[in-house]
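Below is one structure; the comments refer to it alone.
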Amino acid sequence: MERVVDEVVLSRAEVADSTVLPDRYARPDEVGDGVVVGDDENYEVPLVDMARLLDPDSSEAETAKLGSACRDWGFFQLTNHGVEESVAQDMKDSTTQFFRLPLDKKKAVATKAGGVEGFGHHFLGASRGKLDWAESLVLKTQLMEERSMEFWPADPAAFRSSLDKYSLEMSKLTSRLLAFMASDLGVEPEALAGAFRGKKQTVALHHYPPCQHPDKVLGITPHHDGLGLTLLLHVDDTPGLQVRRDGRWFPLDSLPGALVINVGDMLQILTNGRYKSPEHRVLADAERGRATAVVFQEACVGGMVRPLPGLGDARYRAIEYAEYFEGNYTALAEGTRFVDSLQISVTHDEKEV
Ligand SMILES: O=C(O)CCC(=O)C(=O)O
Ligand SMILES: [Fe+2]
């Protein structure tokens with residue numbers, strides 16, 4: 001992975017004078033693949049208000065809004081989420097300070113051969129030999145006993161405690177959201193909560209430096225999140241994230257104080273396809289850098305990734321968690337989608353009848 005980290009180094013050095021874009025970042029065809037919905041068309045990425053979910057007077061209407069956001073978009077912005085402001089601010093500050101460190105300091109927590117955790121570049125395989133215009137730090141945050149502290153930066157000094165507190169807040173927020181999702185789906189709240197409880201959580205901190213060729217580079221290659229639920233904190237207000245819906249890319253701007261939540265493939269399977277795990281990507285900005293802190297929550301039922309009971313005939317075959325994880329990782333590297341291979345086809349259903 002050392003080589004990969006060095007690639008990130010180059011991108012950083014070239015940022016200062018990037019009039020000529022190195023070939024390994026140039027992928028204009030991929031950037032141009034799909035129409036981007038512009039300012040001329042009104043659209044609204046769903047907004048869900050946690051205060052309204054919690055208020056008995058508005059809870060039913062807001063739960064329906066949450067449900068349709070998860071079915072139609074798989075993405076929503078969450079306001080009044082109840083995450084302590086200082087905890088979110090400390091996470092933002094630690095993220096900013098970490099990426100500002102000189103490269104050799106960041107390399108103190110570089111990824112190791114064959115591993116995912118640590119500082120480096122993580123979407124290489126999926127991008128068919130081209131590099132994403134990003135540097136990232138990936139860490140396992142839950143379960144506590146699975147943390148590899150060697151990858152947790154000691155600099156900035158507040159980093160570890162910021163992430164520790166933020167990680168717990170995200171676990172709590174996930175539980176709060178799941179109760180309303182269960183209500184929308186009409187499943188036992190405990191069935192959905194239990195699928196996530198005590199499961200793994202991973203954080204990815206991303207930094208996308210400004211790029212003089214925003215029409216030629218991708219901050220992150222188009223992908224679907226393979227895990228359960230994704231909670232994204234914008235560290236700044238630089239735009240970049242886009243969600244694919246009906247074949248078109250919808251930019252999703254940073255809304256002050258809101259978190260961006262999206263459905264991952266595991267939740268799509270758990271909900272038997274009711275909720276959609278959407279494709280998304282990140283573009284670079286010509287003027288400003290962008291950073292995000294992204295938390296991924298995993299889910300499984302009795303060691304299996306499978307649809308919850310009560311949601312009709314299973315549309316996905318049940319698979320052991322470890323097998324899912326491996327398959328998903330391989331598919332991501334190949335630019336395919338593992339969840340597709342789990343789908344029970346209609347012809348198969350018909351044969352069974
Ligand atoms: O940084 C972003 O806006 C998106 C990151 C993302 O999609 C991911 O980490 O899976
Ligand atoms: Fe993602």
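Numbering of ligands and ligand atoms starts at 1, following listing order. In what follows, every heavy atom counts, from backbone to side chain, and hydrogens, waters and symmetry copies are set aside.
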(request) May I ask you to check whether over 12 heavy atoms, not counting those of R306, lie within 6.0 Å of atom CZ? (result) no

(message) Is it the case that the side chain of R244 and the backbone of E279 share a donor-acceptor pair, with hydrogens and angles ignored and the cut-off at 3.5 Å?
(response) no

(message) Between T271 (side chain only) and Y275 (backbone N and O only), is there a donor and an acceptor less than 3.5 Å apart?
(response) yes

(request) Write the atom name of the N, O or S atom in H280 that is nearest the Fe ion (ligand 2). (result) NE2

(message) Taking 4.0 angstrom as the limit and counting only heavy atoms of H280, give me the atoms of ligand 1 inside it, by number and element.
(response) 7 (O)

(message) Please report, to 10°, the angle around the Fe ion (ligand 2) from atom NE2 (H223) across to atom OD1 (D225).
(response) 90°

(request) For L232, counting its heavy atoms only, list the atoms of ligand 1 lying under 4.0 Å from any of them. (result) 2 (C), 3 (O), 4 (C)

(message) I need the atoms of ligand 1 closer than 4.0 Å to a non-hydrogen atom of H206, numbered in the order shown.
(response) 1 (O), 5 (C), 8 (C), 9 (O)

(request) Could you label the plane-to-plane angle of the F119 and F99 rings as parallel, tilted or perpendicular, counting under 30° as parallel and over 60° as perpendicular? (result) tilted

(message) Would you say CD of E60 has more than 12 non-hydrogen atoms from neighbouring residues, nucleotides or ligands within 6.0 angstrom?
(response) no

(message) What I want to check is whether the side chains of D225 and H223 have a donor and an acceptor closer together than 3.5 Å.
(response) yes

(message) Suppose I only count heavy atoms of R290 and a 4.0 Å limit; which atoms of ligand 1 are within that range?
(response) 1 (O), 2 (C), 3 (O)

(request) Would you please determine whether H223 falls within less than 4.0 Å of ligand 1 on a heavy-atom basis? (result) yes

(request) Enumerate the atoms of ligand 1 whose separation from the nearest heavy atom of D225 is less than 4.0 angstrom. (result) 10 (O)

(request) May I ask you to list the atoms of ligand 1 that are less than 4.0 angstrom from any heavy atom of Y208? (result) 1 (O), 2 (C), 4 (C), 5 (C)

(request) Indicate the atoms forming the closest heavy-atom contact of M181 with C70, along with that distance. (result) CE-SG, 4.0 Å

(message) Can you name the atoms of ligand 1, numbered from 1 with element, that are less than 4.0 Å from a heavy atom of F296?
(response) 8 (C), 9 (O), 10 (O)

(message) For the backbone of R52 and the side chain of S58, can you confirm whether one donor and one acceptor N or O come within less than 3.5 Å of each other?
(response) yes

(request) Give the atoms of ligand 1, by number and element, whose distance to some non-hydrogen atom of I220 is under 4.0 Å. (result) 5 (C), 6 (C)

